[in-house]
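Chain identifiers are assigned alphabetically (A, B, ...) following the order of the sequence lines, protein sequences preceding nucleic acid strands; residue numbering begins at 1 within each chain. What you see below is based on every heavy atom in this structure, not just the backbone, and it leaves out hydrogens, waters and symmetry mates. Everything numeric in this text was worked out from a predicted model, so none of it was measured.
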Amino acid sequence: MYFYNVNELYRAMSPSVPLQEMIRAIRSARTQCEERGVIQRECAAIRAQFRQADNGGRSHNLAKLLYVHMLGYPAHFGQMECVRMIASPRYSEKRVGYLGAMMLLDEKQDASLLITNSIKNDLSHSNQYVQSLALCTLACMGSAEMCRDLAPEIDRLLRASNSYIKKKAALCAVHIVRKVHDLGELFVPAARSLLAEKNHGYIPSCMHSAVMCMCLCCVFQTVPDLVQIMKGLVLSGYSPEHDVAGISDPFLQVRILRLLRILGRNNEGASDAMNDLLAQVATNTDSTKTVGNAVLYETVLTVLDIKSESGLRVLAVNILGRFLLNNDRNIRYIAMTSLQKIVGTDHNAVQRHRGTIVDCLKDQDASVKRRALELSLALVSASNIRSMMKELLLFLSSCPAELKAHAASGIFNAAERYAPSQRWHIDTILHVLTTAGGDVRDETVPNLIQLITNASELHCYTVHKLYRALLSDISQQSLVQVACWCIGEYGDLLLRGECQETEAVQVTEDDVLDALETVLQSHMSSPATRGFALTATMKLSTRITDNVDRIRSIVSIYGSCIDVELQQRAVEYNALFKKYDHMRAAVLERMPVIEKNSSGHTNGESTGEAMKDIQPAKIKQGEPLLPPQPANQVCDLLDLLGGSDETLQPSPAVGAPAPGLLINTASIAGGDLLDLLGVLEPAPLAPAPTLPVYEKDGVTLTLSCEKQSDTGLTVTLTASNSTESDISSFTLQAAVPKSVQLHMKAPSGDYLPARGTAKVTQMVVLNNPNKVSPKMRVRISYTSRGSAFQDTVQIDSFPGLDAAGQ
Amino acid sequence: MMRFLLLFSRQGKLRLQKWFTPMSEREKKKIIRDMTTMVLARQPRSCNFLHWKDLKIIYKRYASLYFCLAIENQENELIALEVIHRYVELLDKYFGNVCELDIIFNFEKAYFILDEFLMGGEIQETSKQMVNRSMEASDMLQEDDISEWYEVELFG
């Protein structure tokens, strides 16, 4: 019956049925499927209509399509229709066409460019409402290209048109400047003159245009003008048109304050010029209504952002303090966000409102609570730690679940930084564990244990407290773990019964073992916790006297536990009882104080350390010219610049030098540790052919090589100096590809006298097990006439070897 | 500046969407989904401000419609609330005791009013009377236009 009605309704529709009937039809569809059906039929009709020539119902059809689009259905086939409608001479069609353009076209669509011309024409239309449509659309979806095209038009409109158009043109200019920053300068003069005009109607928009331009030009001469306008609004002039709840044009006031904020931001002069005004606004604005508070809020934001004097800042913080007491939770919320931003810089001023902030911890609203927590944690200091912690712990017990973890970790941090005494610290942590033990991070347990071991005078007190906590509740895993650990360690103190800090309780050995067994057997205990409990039980075997057998039986029971970890422990402890009983006392004795491990220790550092520990060998010939590089870079094989001069070939224990390690010529003098081939050649005789590999500035280097074996090769480098001055500190360094191993023997010397009277030879032994084509890069360094020289040469082929290096 | 303004019903059906920055269809759909879920999940007596990505979301419920406005982080939330309120007042004046149905059946008018009040993500006109006058004048212009067409239709 119902379906029949919808169909009938549809059949009654003519192609140009007005928008509202279609909406009714869609709304009366009961299911998604029906709705889709109606919409499909409508869209088909609309498409057909679009294809037809000009008919009167075009605007209705497009409007229908826009409605369908809002429901989430595809409407891209309407884009061209929008373009056509915008070009129509009829206002009604233009209106819907432009609306369609704003909804369906954006700068990413190609069709958007097609409307640029229409917009241009409409900007000069005789009717201001048509102009307004064009301006609005340009400001909504104008691409950078369109903006560049039409900017001069907008500028023209900014100068010479009525106030209605000027205002729209100004906002359009703002959009243009946002899209194309360079065009800002174009609008500065027009914006300036707008500021000087006195009519309310369009000042907000021109103000913003001025904002963008001024941002670019950093002009603060407008500050006095703005101050003037603002004063006018605040002190005098009741304009009923612009009044909101007794405040004159609050939107405009907020706008001006925003601009002042931008202008005064890093500018002393500008900030000074606006000081008085800000003080005036802050004191005179009525704060009973939200609008007034909105203006005050903007004032506060401005004061805090510019270079204001301290008196003004205190005034601003006080306003925020007043906001904290406001009934409206929105206002409390923004007060706290603002205070959060300045708690670092104006700490003392914010501290004055600590009481109110802490009260907000009890607020109903979750967002306010969260903000209050953040602020409270930021306000904790050495002087207020005790009172603040009381409040925070109170909060922790009643706070919403999503804040518990954050609160717990915040409390731990605060406690660690400002704890007045160790006992207080331990108490606080225990308190947190009892109230929110499930939400603390995993490191809490070892951190707490470490803390306890360090407070040696408090062991007795701690273990008593923990024992009592354990008796009352074994559900909080972190707490139970710490308790078990302490009982295991300090069980003897527990059994002794007396304790200075807390009332004595008579505890028997059986009681203690009962407690631990309860933990072991409880289904609430996690595997880790049970591990703690078992170990604690075992430790007690050396600390108690009568019930060792009981412990033995507990341990043996768990030797067949399903949990592998527990089983392993139990078996080991059993062994400790049986075979290694003589060691038991030593193994289970009191643990030493745990050193706090700094978290900054990284692996990188330790390897660096290891490298530095290798002793540099006696350097035979002078200092190398290169500065020492960190060991990590040695791995850059063919990069001669990464060599570490202190790193040697590794010790004899290592078979071969690390492949490709850059070896300094200053190797161990006289000792060929890694003479791979067992060939000691004292004299670099090179019967093989020599090849000059380097010649520059009078320094020549020749190379000859000789195959020693299938994979071994000896290379001899000979250097000579043909210049007129002597060369000293002559060193050679070499690097080879990864798979080749290199060993440099000691050079014959490092002094090259002038005119080639003597030479320096350097022998290099290569081992090429993979039989790759050997290459070598040699770096030459020397000093001549007081200055240092360096050069690099790459040797790709060795004389006497064929192309394959064989 | 303002980034977008959404109006949706308590069932999450969109009634109006205005975007002040270019965004792809997919992004728009995602944002609409996110906003409706976030806002509809809020407790009745909570704060009207939310944080979402790098924007502040200001929302307010008027009868069966949620108004959801996104502003940039340095903007003033309280004045944004006033902006929403002003828009509702404008709609109310235009439609006379506006309700959700008015906005559904006359959505294009709601857009036209919005386009007289806000532009390019900024407030365009702070005077209620000015906005109303502009709307009246534009509507009259449209009427003239349509009546012209009807005459043509009738006569031939």
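Only the side chain of A/R261 has a heavy atom closer than 4.5 Å to any heavy atom of chain B. Looking at A/L66, both its backbone and its side chain come within 4.5 Å of chain B, counting heavy atoms on both sides. For a residue to count as touching a neighbouring chain, one of its non-hydrogen atoms must lie under 4.5 Å from one of that chain's; by this rule A/V291 touches chain B with backbone and side chain alike. Neither the backbone nor the side chain of A/K289 comes within less than 4.5 Å of any heavy atom of chain B. In this structure, no portion of A/S143 lies under 4.5 Å from any heavy atom of chain B.
Here the shortest heavy-atom pairing between A/E35 and B/K13 reads OE1-NZ, 4.1 Å. When all heavy atoms are compared, the tightest approach of A/C140 to B/K18 is SG-NZ, 4.0 Å. Of all non-hydrogen atoms in A/R329 and B/S46, the two that sit nearest each other are CD-C, 3.6 Å. Shortest non-hydrogen contact noted between A/Y297 and B/E77 is OH-OE1, 3.0 Å.
The closest side-chain donor-acceptor pair between B/Q74 and A/D305, if any, does not fall under 3.5 angstrom. No donor-acceptor contact under 3.5 angstrom links the side chains of A/Y129 and B/Q142, judged on distance only.
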Under the side-chain hydrogen bond (donor to acceptor under 3.5 Å, both in side chains) rule, what do A/Y164 and B/E116 come out as? Steps first, then yes or no, please. CA-CA 10 Å; A/Y164 179 71; B/E116 288 293 328; 3.0 Å; yes

For A/R178 and B/E122, what are the C-alpha separation, side-chain angles and deciding distance, and is it a salt bridge (Lys or Arg N to Asp or Glu O under 4.0 Å)? CA-CA 12 Å; A/R178 277 202 183 116; B/E122 305 291 344; 2.7 Å; yes

Are A/R258 and B/N76 close enough, and set up right, to give a side-chain contact (heavy atoms from CB on, under 4.5 Å), and what steps lead you there? CA-CA 9 Å; A/R258 185 87 167 79; B/N76 184 332; over 6 Å; no

Stepwise side-chain hydrogen bond (donor to acceptor under 3.5 Å, both in side chains) test for A/Y67 and B/E108: CA-CA 9 Å; A/Y67 182 80; B/E108 79 276 21; over 6 Å; no

Start with the C-alpha gap between B/Q17 and A/H69, add the side-chain angles, then the distance that decides, and say whether side-chain contact (heavy atoms from CB on, under 4.5 Å) holds. CA-CA 11 Å; B/Q17 52 176 325; A/H69 170 73; 4.3 Å; yes

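Within the model, atoms CD of A/Q20 and CZ of B/F107 stand 10.0 Å from one another, a figure rounded to the nearest 0.5 Å. With values rounded to the nearest 0.5 angstrom, A/T337 atom OG1 is found 6.5 Å from B/H51 atom NE2. To the nearest 0.5 angstrom, A/I334 atom CD1 is 8.5 Å from B/K56 atom NZ. A distance of 9.5 Å separates SG in B/C47 from CE in A/M336, rounded to the nearest 0.5 Å. Separating the OH atom in B/Y111 from the CZ atom in A/R95 is a distance of 14.5 Å, to the nearest 0.5 Å. Between the CG atom in B/L101 and the CD1 atom in A/I23 there is a gap of 10.5 Å [rounded to 0.5 Å].
Within 6.0 Å of atom CG in B/N97, 12 or fewer heavy atoms from other residues, nucleotides or ligands are found, so the atom counts as exposed in its surroundings. Environment of NZ in B/K93: sparse, with no more than 12 heavy atoms of neighbouring residues, nucleotides or ligands closer than 6.0 Å. In A/E145, the CD atom is not crowded: 12 or fewer heavy atoms of neighbouring residues, nucleotides or ligands sit closer than 6.0 Å.
Per-residue heavy-atom pair counts under 4.5 Å with chain A were compared for B/L16, B/L50, B/T21, B/I79, and the maximum is reached by B/I79. Residue with the most contacts toward chain B among A/M103, A/K94, A/H175: A/M103 (heavy-atom pairs, distance under 4.5 Å). Between chain A and the residues B/S24, B/G121, B/S138, B/P22, the largest count of heavy-atom pairs under 4.5 Å involves B/S138.
No side-chain heavy atom of B/M119 sits under 4.5 Å from any side-chain heavy atom of A/V174. B/F105 has its side chain out of reach of A/L19: every pair of non-hydrogen atoms, C-beta onward, lies at least 4.5 Å apart. Using a 4.5 Å cut-off on side-chain heavy atoms (C-beta onward), A/S367 and B/F49 make no contact. Side-chain atoms of A/M70 and B/R15, non-hydrogen and from C-beta on, never get closer than 4.5 Å to each other. When side chains are defined from C-beta on, A/R27 counts as touching B/I104, because their heavy atoms get closer than 4.5 Å.
Checked by atom type and distance alone, the side chain of B/D115 never pairs as donor or acceptor with a backbone atom of A/C136 at under 3.5 Å. A/N330 places a side-chain N or O within donor-acceptor distance of the main-chain N or O of B/N48, the cut-off being under 3.5 Å.
Using a 30° and 60° split on the angle between ring planes, B/F117 and A/F251 fall in the perpendicular class, above 60°.
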